[in-house]
Protein chains: 2
Amino acid sequence: MLGDRPNPAPTDRRAARREATKAEILDAAWSIVRENGLGALALRDLAARVGMRAPSLYQYFASKYAIYDAMFAQGARAGLEAMREIPIDDPGAALREGAHRFFEFATSDPARAQLLFQRTIPGFVPSPEAYATAVETLELTRARLAAVGITDPDATDLWTALVSGLVNQQLANDPGGTRWARLIDRTVTMYLADVASLPPAPTKGKK
Amino acid sequence: MLGDRPNPAPTDRRAARREATKAEILDAAWSIVRENGLGALALRDLAARVGMRAPSLYQYFASKYAIYDAMFAQGARAGLEAMREIPIDDPGAALREGAHRFFEFATSDPARAQLLFQRTIPGFVPSPEAYATAVETLELTRARLAAVGITDPDATDLWTALVSGLVNQQLANDPGGTRWARLIDRTVTMYLADVASLPPAPTKGKK
DNA sequence: GTCTATATGTGGATAGAC
DNA sequence: GTCTATCCACATATAGAC
């Protein structure tokens, strides 16, 4: 039996090296995508950036979609972390801070936003695992709203529409600028006034 | 000189036939795009739908981008027409009707919305002529807001953010549903209250 | 004049040599 | 584990049949 396994436990070493290479590939993918747009990711270019030929990438990712999926997971994780640990001073402040952080997260990297929030790559659908992180972020937002006393589903949907609207207009019509960023506080104030003016909305039962 | 021009004036006939074929191609392109997504437009498929081979399309459009551009122009024209002739009963009603019409226009055809409002095809930029129609629609909205007494640029930007936010959330998270459509009236009311509560904003001069 | 046949270049992806 | 060679689908361009 001696010598049957020439590598007693180098498995973790291999795995670590492998993970490092995958990370390197993903970094290169992000740089391409940020430079030339999300749709401009070509495996040949990507391979060249990490000193490989295109087919070698298939040792690390099963397909181009798998690369997009890993990028989606990274982006979603970054978004979740950006939204974590917001100090709650008063009702309005927490929401305001949340809006600012999300806006900053989304507009600071247009390519990432396109990957996460628009379904723009033909045929690409994020895997359940990758998507779970995105859902977690939404849950966190929901919880934050609830902490402020907002539990009405309509009010929650309205909130997401407001924030996403500001982000979208900023990205589409004034990328890199502040035309819609300047409207965040006003929008939050407007939203809070609206929610306050409406009845708490009965949790169940029609009319 | 006689006989030099064997076709004295069939030019308009030819032109008419040609335009008809172009229209037929565009119709087929829309149907493909609505079925399989905006990015799924392949010239082979498109040609097959109109009984041609791919290269023949180049007799009618200089490139694939030219097809997208013609589609963009058609979409923008449809949007402009959808927003025209809104009866102005009272300030709120006109805005409300405008929001509903735009929402309906944008959400009723996701592929068209993607072409018009998201820059999703790599390398495609609408021609100035096609884009002019889209700008015209925005001007119309601006004029409608002005008719209601809203001329503050910030208030105008806020309006577009609100409407686009509702549209985006509807398309992204509940396509074909009414989850955000139901919030249009509430959003308009909220917006009008906000605009009314703020000072008219001095047209010029800082502070 | 209109379309077909054909060719080129660029993608993603796979098989097999080393 | 990385390479070369290759395949297939696609957009695109040109030559020539009808």
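Order of the sequence lines sets the chain letters (A, B, ...), proteins ahead of strands, with each chain counted from 1.
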Worked verdict on A/Ser127 versus A/Asp69 for side chain to side chain donor-acceptor pair (under 3.5 Å):
CA-CA 7 Å; A/Ser127 64; A/Asp69 197 57; 2.7 Å; yes
Side chain to side chain donor-acceptor pair (under 3.5 Å) between A/Gln169 and B/Thr160, worked out:
CA-CA 8 Å; A/Gln169 290 296 90; B/Thr160 64; 2.9 Å; yes
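The residues B/Glu139 and B/Arg142 are annotated as salt-bridged, a charged nitrogen and a carboxylate oxygen being separated by less than 4.0 angstrom.
For the OP1/OP2 pair of C/dT14 and a distance below 4.0 Å, the side-chain nitrogens and oxygens of A/Tyr58 include no atom meeting the criterion. OP1 and OP2 of C/dT10 both lie 4.0 Å or more from every side-chain N or O belonging to A/Arg44. For the pair A/Ser56 and D/dC3, the criterion of a side-chain N or O lying under 4.0 Å from OP1 or OP2 is met.
Spacing between atom CD of A/Gln59 and atom C1' of D/dG1 amounts to 6 Å, rounded to whole angstrom units. The interatomic distance linking A/Ile32 (CD1) with C/dG11 (P) rounds to 11 Å, in whole Å.
Other residues, nucleotides and ligands contribute more than 12 heavy atoms inside 6.0 Å of the CZ atom of A/Phe117.
You'll find that the side chain of B/Pro55 is closest to C/dA5, out of C/dA5, D/dA11, D/dC3. Picking from C/dT4, D/dT4, D/dT12 the nucleotide with the shortest atom distance to the side chain of B/Arg53 gives C/dT4.
Checked by atom type and distance alone, the side chain of A/Asp45 never pairs as donor or acceptor with a backbone atom of A/Arg49 at under 3.5 Å. Panel note: side chain B/Arg186, backbone A/Asp154; no donor-acceptor pair is recorded below 3.5 Å.
When heavy atoms are screened at a 4.0 angstrom cut-off, B/Leu41 is found touching the sugar-phosphate backbone but no base atom.
Contacts between residues 60-75 of chain A and DNA chain C, defined by a heavy-atom separation below 4.0 Å, involve A/Ser63, A/Lys64, listed by number.
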